[in-house]
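First the structure, in the form of structure tokens, and then the observations on it.
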Amino acid sequence: MNAMPKNPRPLPPAAAGEAVLWQVGVLPWKITRKKGLRVLLITSRTRGRWIVPKGWPEEARAPFMSAALEAFEEAGVIGDIHPAPLTDYRSLKIDDDGMAHPCRVTLFAMQVRGTLTHWKEQDQRKRRWFGLAEAAERLDDAELAAFVERLASAPEQLTDRAGRLPAVPAAL
């Protein structure tokens, strides 16, 4: 789903003027007994950079539901996603011709409840759980990396949302 669409969706009106394109993404997270708070990163299909699942919002879906679908397809995860954005960050979207387009990504928090053993893009990507500090070091997008690094000192931005999360329907 991350290929450049013929008519990519422009930014919502509130953010217009800053970037040309708009994507939605997920910061998948979980808490383990041994390692504490972990976030899931995936590799990009073409260059193998560490990124978060993201893609183009679908007009018929709420942005957070489009983001949940991207997490399902790209990372093989399901969980509880908060409908309010966690953050926004700027990115460059490289199209098939190598052209870079400014893009704004709206990121949603997803508490992962399950990880699939088989998923749509498993042959195209790697996925791996990281602590916040290591995830910040690995992320290719500097603005997103800075946000994840700040989460290390304020993880409640993710965990406080857990009690108020709507479950993502099994049939996205």
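What you see is a predicted model, and the numbers here were worked out from it, not measured in a lab.
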Query - Min side-chain heavy-atom separation Arg125-Ile51 under 4.5 Å - result: yes
Query raised in the report: So do the side chains of Leu21 and Gln23 get within less than 4.5 Å of each other, counting heavy atoms only?
Result: no
**Report entry** Close side-chain approach of Trp29 to Leu37, heavy-atom, < 4.5 Å
**Finding:** yes
Query raised in the report: With no hydrogens and no angle check, do the side chains of Trp22 and Thr106 hold a donor and an acceptor under 3.5 Å apart?
Result: yes
Requested in this report: Determine whether Val24 and Phe108 make a side-chain contact, defined as any pair of heavy atoms from C-beta on separated by less than 4.5 Å.
Outcome: yes
Report task. Output the distance between atom CG (Leu69) and atom NZ (Lys120), rounded to the nearest 0.5 Å. Result -> 7.5 Å
Requested in this report: List the atom of Ala145, the atom of Ala136, and the distance in Å for their closest heavy-atom pair.
Outcome: CB-O, 3.2 Å
Query raised in the report: Are Gln157 and Leu151 close enough that some pair of their side-chain heavy atoms sits under 4.5 Å apart?
Result: yes
Query raised in the report: With Val148, which of Leu132, Leu41, Leu107 fulfils side chain to side chain contact (heavy atoms under 4.5 Å, CB included)?
Result: Leu132
Query - For the student: nearest non-hydrogen atoms of Ala152 and Pro155, plus distance - result: O-CD, 3.8 Å
Requested in this report: Mark yes or no for whether Ser66, through its side chain, and Glu58, through its backbone, hold a donor-acceptor pair below 3.5 Å.
Outcome: yes
Query raised in the report: Once you round to the nearest 0.5 Å, how far does SG of Cys103 lie from OH of Tyr89?
Result: 8.0 Å
Requested in this report: Would you check if His118 and Leu116 make a side-chain contact, meaning some heavy-atom pair closer than 4.5 Å?
Outcome: no
Report task. Flag the pair Glu121 / Phe72 as yes when at least one side-chain heavy-atom distance between them is below 4.5 Å, and no otherwise. Result -> no
Report task. Would you kindly check if the NZ (Lys) or CZ (Arg) of Arg127 is within the cone defined by 45 degrees around the ring axis of Trp50 and under 6.0 Å from the six-membered ring centre? Result -> no
Query raised in the report: Which distance, rounded to the nearest 0.5 Å, do you find between the CZ of Arg90 and the CG of Asp141?
Result: 11.0 Å
Query raised in the report: With sequence neighbours left out, what residues match Arg128 under salt bridge (charged side-chain N to carboxylate O under 4.0 Å, His left out)?
Result: Glu134
Requested in this report: Identify the residue among Val112, Val52, Ile81 that makes a side chain to side chain contact (heavy atoms under 4.5 Å, CB included) with Val26.
Outcome: Ile81
Query raised in the report: Quick one: OG on Ser44 to CG on Asp140, what's the gap to the nearest 0.5 Å?
Result: 7.5 Å
Query - Asp88 side chain reached by Val105 side chain, heavy atoms, under 4.5 Å - result: no
Report task. Can you measure from CZ (Arg49) to CG (Leu139) and round to the nearest 0.5 angstrom? Result -> 10.0 Å
Query raised in the report: Quick one: do Glu70 and Lys54 make a salt bridge, cutoff under 4.0 Å?
Result: no
**Report entry** Ion pair Arg104/Glu143, N-O distance below 4.0 Å
**Finding:** yes
Report task. Quick one: do His101 and Leu92 satisfy side-chain contact (heavy atoms from CB on, under 4.5 Å)? Show the steps, please. Result -> CA-CA 5 Å; His101 302 276; Leu92 285 177; over 6 Å; no
**Report entry** Over-ring placement of Lys35 relative to Trp129, 6.0 Å and 45° cut-offs
**Finding:** no
Query raised in the report: Which atom pair, heavy atoms only, marks the closest approach of Trp119 to Glu73?
Result: CD1-O, 3.1 Å
